[in-house]
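Below is one structure, written out as structure tokens, with a few remarks after it.
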Protein chains: 2
Amino acid sequence: MTNIKDLAKMANVSVSTVSRVLNNHPYVKEEKRLAVLEAIKKCNYQQNINAVHLSKGKTQLVGVVLPFTDLPYFGQLLKGIANQALEHNYKLIIFQTNYIESRELEALQMLKQKQIDSLIICSRTCNLALIQEYLSYGPIVLCEKVEDTHLAATFVNHYQTFMKALDYLYEKGHRRIGYTLGRKTGTNSHERQSAYADFIKKYQLPNNPDYIITGCYHLEDGSQVVQSIQAMSEPPSALLVTSDQVAAGIVAYCQNQQIAIPDELALIGFDNQPIAKMLGITTIEIPIEEIGKNLFLQAINEEISSIEMEAKLIERGTV
Amino acid sequence: MTNIKDLAKMANVSVSTVSRVLNNHPYVKEEKRLAVLEAIKKCNYQQNINAVHLSKGKTQLVGVVLPFTDLPYFGQLLKGIANQALEHNYKLIIFQTNYIESRELEALQMLKQKQIDSLIICSRTCNLALIQEYLSYGPIVLCEKVEDTHLAATFVNHYQTFMKALDYLYEKGHRRIGYTLGRKTGTNSHERQSAYADFIKKYQLPNNPDYIITGCYHLEDGSQVVQSIQAMSEPPSALLVTSDQVAAGIVAYCQNQQIAIPDELALIGFDNQPIAKMLGITTIEIPIEEIGKNLFLQAINEEISSIEMEAKLIERGTV
DNA sequence: TTGTATGCGTTATCAG
DNA sequence: CTGATAACGCATACAA
């Protein structure tokens with residue numbers, strides 16, 4: 001592999017000069033610049049970027065931690081991040097964690113090792129305190145509401161959003177309302193749970209723990225949800241479903257089972273994904289790509305900020 | 001940042017010894033090893049991985065070129081790749097190209113620059129000859145049938161698969177058969193086109209160019225497809241849809257429009273995604289994750305191989 | 001079993 | 001405008 005030293009020899013200049021033309025620095029006589037350029041052409045030269053990274057102490061690489069790459073939600077989030085990365089001349093390195101903590105730690109390590117300049121954690125399972133320990137090695141940005149002012153974040157106020165949706169269902173006459181979650185843990189889930197708790201307290205509704213159905217990520221999970229509420233003596237009349245994918249699965253399964261929506265079961269999905277529009281599912285729109293965009297911008301910015309995004313109820317036919 | 005030099009001083013050994021304990025080399029006296037280990041703990045030392053990369057000339061990084069991250073097909077493919085990467089202690093760097101050639105070139109450049117050890121191209125728009133020029137810088141593996149024996153690849157025989165599906169529809173009595181594609185270009189699309197051409201020749205069916213509908217990637221594209229065939233004087237009675245997403249969109253739109261499936265329009269999807277199962281769509285199963293797995297293994301192996309994967313017709317209710 | 005010296009390919013400082 | 005030379009942090013051949 002030819003390096004700048006070789007180029008320098010070929011062009012009869014010093015390595016510094018070669019480096020200068022490589023980096024478009026001023027103060028290089030046109031004549032020498034051309035000589036270097038010619039040498040570059042001649043031997044099909046290419047920078048060794050690792051050397052650049054070592055020398056500069058930066059990699060133009062941003063890490064992205066996300067549990068699954070095959071969930072539409074994260075696919076869209078990644079898209080938003082990737083588009084900005086492209087625009088700002090950064091590359092992305094992906095940590096698919098499956099919510100295994102050690103994999104998140106690996107990402108944190110990479111930050112410390114300077115393989116990445118900053119880290120975006122789309123969803124985490126590890127402790128917040130642990131993350132803070134790594135803050136000194138580079139910006140870390142989260143996708144959840146966080147109190148610590150040292151941590152950047154872009155998020156949706158899930159408490160408020162959930163409460164709005166619940167109120168909406170209440171106004172429509174529903175008194176037995178259940179909801180589905182992905183994980184039981186995680187900030188967003190906790191916010192939703194506490195919104196629900198406050199909601200049933202507010203209206204003095206009975207607290208039925210069966211109404212909380214967890215582990216709902218995929219389309220396929222929809223049938224399970226329906227089956228489990230069918231098994232209840234007093235099934236909910238409405239469901240808040242925190243993923244349009246799952247909501248779609250529910251709609252399809254109900255069609256199969258001749259369960260009338262919304263008459264027998266009302267539904268509000270989340271995200272406003274294409275599938276929700278297609279199936280006419282009432283949903284809460286989350287600006288996912290926009291969130292991704294913000295996450296990236298926060299990752300490469302010095303100032304740490306906290307951005308709250310708006311979610312919007314889209315009324316369609318399932319309530 | 002403390003480096004091995006500092007550690008050496010602290011532990012009263014040489015940098016080589018430090019390096020040895022860091023890399024678990026034998027021939028280090030336990031006493032010194034412990035001294036080094038203590039120094040590491042003491043100053044919270046972390047390797048600068050860029051230096052390792054530069055020194056070794058390897059990065060344990062594999063590049064993945066893919067057009068979109070938000071299409072389920074690529075999400076699943078990425079999942080298959082990512083799981084293997086994890087297992088083999090590699091990291092992935094993602095190039096989302098939107099089928100823009102310059103972005104593919106960037107990935108190729110990274111290979112040349114030694115930022116990545118090898119490159120997986122899930123779908124390309126650039127010339128094959130161009131790719132070959134970069135072969136000397138590291139393994140490149142494709143996800144399409146390729147003649148060049150210098151290029152590794154895992155792929156589905158789309159000609160054969162398409163032909164089988166067409167024959168199946170023919171046996172079911174269909175004579176006016178159309179199909180949808182993502183892009184018009186690309187090896188896979190070409191194979192399908194030539195299968196179709198041979199098919200209509202074989203059975204002496206009329207060649208209706210309107211029956212080829214391109215630009216179909218997403219769920220939402222389903223309605224367009226139906227609208228366009230509704231506008232035809234002689235619409236196809238069956239459609240081969242190269243994405244279950246689009247097929248699902250078609251099914252949903254047809255339900256809306258009271259178009260009976262399969263009586264008025266028969267459908268075969270592709271990939272056997274969850275949504276196909278959910279909606280009872282007859283489809284061609286593609287082992288996407290398995291393909292991803294192979295792609296990765298080929299990327300880190302020296303020998304270049306070519307792996308053909310089997311696709312399988314799953315009969316459900318849309319034919 | 002250990003240490004010295006050198007290389008990896010750049011960038012950056014500083015003197016000219 | 002140009003060129004030495006010292007970082008950057010680690011791995012490793014070779015000598016001891």
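Labels below follow one simple rule: chain letters A, B, ... track the order of the sequence lines, proteins then strands, and each chain is numbered from 1.
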With sequence neighbours excluded, tell me which residues meet side chain to side chain donor-acceptor pair (under 3.5 Å) with His53(B).
->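 With neighbours one apart ignored, the set is empty.
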State which residues pass side chain to side chain donor-acceptor pair (under 3.5 Å) with Ser306(B); sequence neighbours excluded, sorted by chain then number.
->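 Per chain and number, Ser306(B) pairs via side chain to side chain donor-acceptor pair (under 3.5 Å) with no residue.
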In B/S/- notation (B base, S sugar-phosphate only, - none; protein heavy atoms under 4.0 Å), nucleotides 1-7 of chain C written 5' to 3' is BBBB--B
With [X] via side chain to side chain contact (heavy atoms under 4.5 Å, CB included) - residues at least two apart:
| X | value |
| --- | --- |
| Asp70(A) | Phe68(A), Gln76(B), Lys79(B) |
| Lys114(B) | Met1(A), Asn48(A), Asn50(A) |
| Ser123(A) | Pro67(A), Phe74(A), Tyr99(A), Arg183(A) |
| His88(B) | Gln84(B), Tyr90(B), Phe296(B), Leu297(B), Ile300(B) |

Nucleotide [N], atom [atom2] - distance to [atom1] of [X] in whole Å:
| X | N | atom1 | atom2 | result |
| --- | --- | --- | --- | --- |
| Asp6(A) | dC8(C) | CG | C1' | 13 Å |
| Asn3(B) | dC8(C) | CG | P | 21 Å |
| His53(B) | dT10(C) | NE2 | P | 17 Å |

Which nucleotide span of DNA chain D, 5' end to 3' end, has atoms closer than 4.0 Å to non-hydrogen atoms of chain A?
->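 Range of nucleotides within reach of chain A: dC1(D) to dG9(D).
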Take Gln109(A) and Tyr134(A), measure what side-chain hydrogen bond (donor to acceptor under 3.5 Å, both in side chains) needs, and give me the verdict at the end.
-> CA-CA 8 Å; Gln109(A) 291 287 336; Tyr134(A) 288 83; 3.2 Å; yes
Does [X] [atom1] have over 12 foreign heavy atoms under 6.0 Å away?
| X | atom1 | value |
| --- | --- | --- |
| Glu308(B) | CD | yes |
| Lys112(B) | NZ | yes |
| Lys91(A) | NZ | yes |

Donor-acceptor pairs are to be reported for all side-chain atoms of residues 141-148 of chain A against protein atoms at under 3.5 Å, with residues two or more places apart or in another chain.
{"residue": "Glu144(A)", "atom": "OE1", "partner": "Arg124(A)", "partner atom": "NE", "Å": "2.9"}
{"residue": "Glu144(A)", "atom": "OE2", "partner": "Arg124(A)", "partner atom": "NE", "Å": "3.3"}
{"residue": "Glu144(A)", "atom": "OE2", "partner": "Arg124(A)", "partner atom": "NH2", "Å": "2.8"}
{"residue": "Glu144(A)", "atom": "OE2", "partner": "Thr187(A)", "partner atom": "OG1", "Å": "2.4"}
{"residue": "Asp148(A)", "atom": "OD1", "partner": "His150(A)", "partner atom": "N", "Å": "2.4"}
{"residue": "Asp148(A)", "atom": "OD2", "partner": "Gln132(A)", "partner atom": "NE2", "Å": "2.2"}

Indicate every side-chain donor-acceptor pair of residues 26-37 of chain B with a distance under 3.5 Å to a residue at least two apart or in another chain.
none

Mind listing the residues from residues 33-51 of chain B sitting with a heavy atom below 4.0 Å of DNA chain D? Number order is fine.
->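 The stretch gives Tyr45(B), Gln47(B), Asn48(B), Ala51(B) as the residues lying under 4.0 Å from the strand, ordered by number.
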Is there a side-chain contact between Val15(B) and Leu7(B), using heavy atoms and a 4.5 Å cut-off?
->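 A side-chain contact is absent here, since even the closest heavy-atom pair is not under 4.5 Å.
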Verify the contact: side-chain N or O of Asn23(A) to OP1 or OP2 of dT11(C), cut-off strictly under 4.0 Å; return yes or no.
->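 Yes, because at least one side-chain N or O of Asn23(A) sits under 4.0 Å from OP1 or OP2 of dT11(C).
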At how many degrees, to 10°, do the end axes of the helix from dT1(C)-dA16(D) to dG16(C)-dC1(D) meet when each uses five pairs?
->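 One end axis against the other gives 40°.
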